[in-house]
Structures are given as C-alpha cells and as structure tokens.
There are 2 protein chains.
Amino acid sequence: MSLQYAILGVLDARSMSGYELTRMFESSARWVWSAPQSQIYPLLRKLEGEGLVQGEDQVRGEKMRRVQYSITEDGRHALREWLRSPMDTPTIRDPQLLQALFFDMIEPAEADDVLAHQIEDLRTLIAQWEAHRERLLAKDTPLLKERLSQRDPADHDRIAALKAHVFTHLIESARSRAEWAEQARRILASSGSPVTAHADRPAH
Amino acid sequence: MSLQYAILGVLDARSMSGYELTRMFESSARWVWSAPQSQIYPLLRKLEGEGLVQGEDQVRGEKMRRVQYSITEDGRHALREWLRSPMDTPTIRDPQLLQALFFDMIEPAEADDVLAHQIEDLRTLIAQWEAHRERLLAKDTPLLKERLSQRDPADHDRIAALKAHVFTHLIESARSRAEWAEQARRILASSGSPVTAHADRPAH
DNA sequence: AAGTGCATGTAAGATGTTACATGATTAT
DNA sequence: ATAATCATGTAACATCTTACATGCACTT
C-alpha cells in the first residue's frame, strides 16, 4: 500500500529510472521506507498501467532501453488523496520487544548480550539519521534541492524543517530505545538467578 | 517468524486452546504482537508437526473437540534459542511518517487534521498500555500470575519489572510520538501557503 | 426462535523477502 | 581481460489481511 505512495512522492521531486528508485529504497536505513528491487519494478509497471506514473523509453548505447518514470497528474492527485487521509497507529510488531518480554527465560548474561547488540545497532542508525537530518536542514540533499527548485523560496525553510522533523523523530525514538535497553540491562542485573523452574539445561 | 515465538512464549506460561490464543493476539493493541485468527490455527498445526507444541483433544458436550495446546521441551528449547539470538533493528516502515514527509504537498489545515487524528489515537493507546503496565507491576494479570506460580518468589519482582518495562517503552514511545506530532503542527502553522507549484485544484 | 459467544477452519489476495538470472557499460 | 556497477527482470516462499463458512452452547 504505502510503497506505492513512497514512489509517487519521490517521483514528484523528480523523474527517475527503476534503478535509481531501487537505490533509494533498498537498504535505506536512513530513509523512512525500504523495499527490495524485486518490489520496485513490478510496482512501477502496475502504476504505469493505472496511469499514475509514465515511463519514457530512452535509448542508451546500442539497444539498451532505460526507462525514466515520471509522475502524472493522476498520480499527484492519488498521492494527495492519500496524504489527506487519517490512519490509525499501525499495529506494533516488534521482534526485539517480544524477545525482551521473555528475557526471564534465559540467563541474565545472555539477555545482556542481546541488549548490548541492540544498543550498538541503534548508535549506528542514530548517526546516519543525524547526518541526514543535518543535510536536510542545510537543504543539501539532491532530492530536496530538486523539490525546492519547483517551490516558492518563501516556503523553503518550512519545507526543509518539516522533512528534517521526520528524522528528528527517528533519532529521538532510537535514543529513547537505547536508553530503554540500558535500563533493561539494569533490571536484569538487579539480582536474581534466572530460569529456576524447568531449566533448558542442567543447572550449573 | 516472530509469531511462532510469541505463541511459544505464551504457552510457556500456561496451556491454551487456539481460541484463547486468538483472543490474546487478535486486536491486541495492548500487547506487543498481534495476529488474526487465520494465522493462529494453521501455525499451531505446523508447530505441532514440528513437535514444539502438543495438542490434547478434549471432549466437550457431544462430539465437540477442543484442543488444548501446551509447549514441549523442544518448544522451550527453540524459544530459548531465539531469545538468545541478537537481531538488528527492524527496518522502519511507518506509513504515518511517510505521510508526514510529503505534508508540504497538501494544505497545512489538511495535514493538521491528519496529525490531530494521530494524537487522538495515541492517547487511547497510551491509556491502554498504562493500565496494562500497572497491572503487571501489581502482578495482577492472569498470565503473569500463572507464570510466577512456577518461579522462585525471590524473582517475582524482577520478572514483573522486566515485563512492565516493555510497556514502559511503548508508552514512552507513544508519548514522544504525540509530542512530535504537536511540534509538526507548529511547523505547519509557522507560515507559508502550501502547494504553490502544480496545485491539485485551483488556488483559493 | 433468535441472537451472542465459543470454537475451528479455508480461501483469496496483498505485501515482503531471498535468491537467481541476464546482459550492458565503465573502470582498473 | 576482468571486475564492478548499471540495469531489469522472474520465481519461490513467507507473512499478513480480509472475508467467508460452519456448528455448538447458552442466554433472552
């Protein structure tokens, strides 16, 4: 559902080939949506079938056809409809939190390792998001530049602030999660042998 | 992947029928995982096939067969393996944040409505999670009671604190999100006409 | 007699992941 | 030459959502 609008939103800034979109969405820890290449290409075809995007064949080299997709007026309309529609908070489905809920079933030291790994991972993400946020505020990302060039200069600050604000949340959220993990480590250490009843392996 | 371990984790506290598990996981805004009934029953069969859970047929009334599932030693072992394994932060895929990223394409008033709806929704969730958290700290949920009855009383506080801590994060996270949405409303209001270029409908 | 809750299932479709396959162009 | 990057696709599979179907037990 949402990937389609993510694509439309990006194409609204500028036209792109499937490959460029793929690079945007693949392994994009620093972006708000991710999708593998195998989802992008079929979806572009589908959107073209619905008239929301338009592909233009470009000859490159001998017979290499490289398709440049751009958003249509219908596509922009569909995107705006979606942007206007309120949605409920998506149901939480967080494997790491689920894991934490049952940490009393393993040794505190083992749970501690898992949490330490989470914290490490979060630090990396935070750094990436912070960097991206800074670039947005400086209006220094390729896509934002393209977008702003179509807009009234009086709005530039507001638009950049709005986009950066999304990343502010990602950063805040990851920071709060890291603090949560630290606190969880403290609770685990607080005392207590683990798994007294029905142990997985003979007590040692 | 994770649903299977969520089921095992619940069954570790006490045996249950598919129906009871369904009620646990369906529309469970107050829990950390959710799944519709159509996922539960087939998965239970699969887990039984793998020997991770064991179903016991119970006669009820005339010929009504009601199956009570319990976790096996293999199931407990598989669950512990999973609990010990570090995982990377799941890729963020948040439709609401995606929406916010393109709010510059619609009227500020329209975006404001969407954000107001989000905040309302978050308040409801926060209230539910807070209630659940309180009950966990008071060791007053049916499932936690069953679980604690199998464990050393000296660990009870630590276990309850650990579980409650998971909900603390959900609450903190939702609060931070609500504050973020309020801030976003302020940015939207900060000035600026919207969509100057390529308007969806004639400017008014 | 009809409705609600208990209880278990199937089917169709959307979405997402992992892996494989292919060929052209550009850089070393 | 060969490796990396550009570029586009398919296949198989797991997961998740929505909807429908069925029948018993208990209440009103």
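Chain letters run A, B, ... following the sequence lines, proteins first, then strands; residues in each count from 1. Heavy-atom basis, side chains included; hydrogens, waters and symmetry copies ignored.
- At least one side-chain heavy atom of L21(B) sits under 4.5 Å from a side-chain heavy atom of L11(B).
- Regarding contacts with the backbone of dT8(D), every side-chain N or O of R23(A) stays at 4.0 angstrom or more from both OP1 and OP2.
- Remark: C1' of dC6(D) and CD1 of I40(A) are 16 Å apart, rounded to the nearest angstrom.
- Between the CG atom of L98(A) and the P atom of dT15(D) there is a distance of 14 Å, rounded to whole Å.
- If you measure from atom CE of M87(B) to atom P of dT17(C), you get 16 Å, rounded to the nearest angstrom.
- Distance, Q68(A) CD to dA7(D) C1': 12 Å, rounded to whole Å.
- A close approach under 4.0 Å does not occur between any side-chain nitrogen or oxygen of Y19(B) and OP1 or OP2 of dT8(C).
- For the OP1/OP2 pair of dT17(C) and a distance below 4.0 Å, the side-chain nitrogens and oxygens of R93(B) include at least one atom meeting the criterion.
- Ring centroid separation for the pair F25(B) and W31(B) comes in under the 6.0 Å cut-off.
- Look at CD on E20(A): it is 17 Å from P on dT5(D), rounded to the nearest Å.
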Give me, pair by pair, the N or O atoms of the protein and of nucleotides 11-15 of chain C that are less than 3.5 Å apart, along with how far apart they are.
residue : atom : partner : partner atom : Å
dT15(C) : OP1  : M1(A)   : N            : 2.6
dT15(C) : O5'  : M1(A)   : N            : 3.4

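- One N or O on the side chain of T72(B) and one on the backbone of G51(B) form a donor-acceptor pair closer than 3.5 Å.
- No donor-acceptor distance shorter than 3.5 angstrom exists from the side chain of R133(B) to the backbone of I171(B), with no hydrogens or angles considered.
- In this structure a side-chain-to-backbone donor-acceptor pair under 3.5 Å is missing from Q37(A) to T22(A).
- Rounded to an integer number of Å, the gap from L3(B) CG to dG16(C) P is 18 Å.
- Judged purely by atom type and a 3.5 angstrom limit, D121(B) uses its side chain to pair as donor or acceptor with the backbone of T89(A).
- Following rounding to the nearest Å, Y41(B) (OH) and dC16(D) (C1') show an atom-to-atom distance of 18 Å.
- Taking for each of Q37(B) and Q37(A) the nucleotide of DNA chain D with the nearest heavy atom, the 5'-most of the two is the partner of Q37(A).
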- request: Could you give me the CA-CA distance, side-chain angles and deciding distance for Q4(A) and L79(A), then say whether side chain to side chain contact (heavy atoms under 4.5 Å, CB included) is met?
  value: CA-CA 9 Å; Q4(A) 130 168 216; L79(A) 176 54; over 6 Å; no
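- dT17(C) atom C1' lies 11 Å from atom CD of E26(A), rounded to whole Å.
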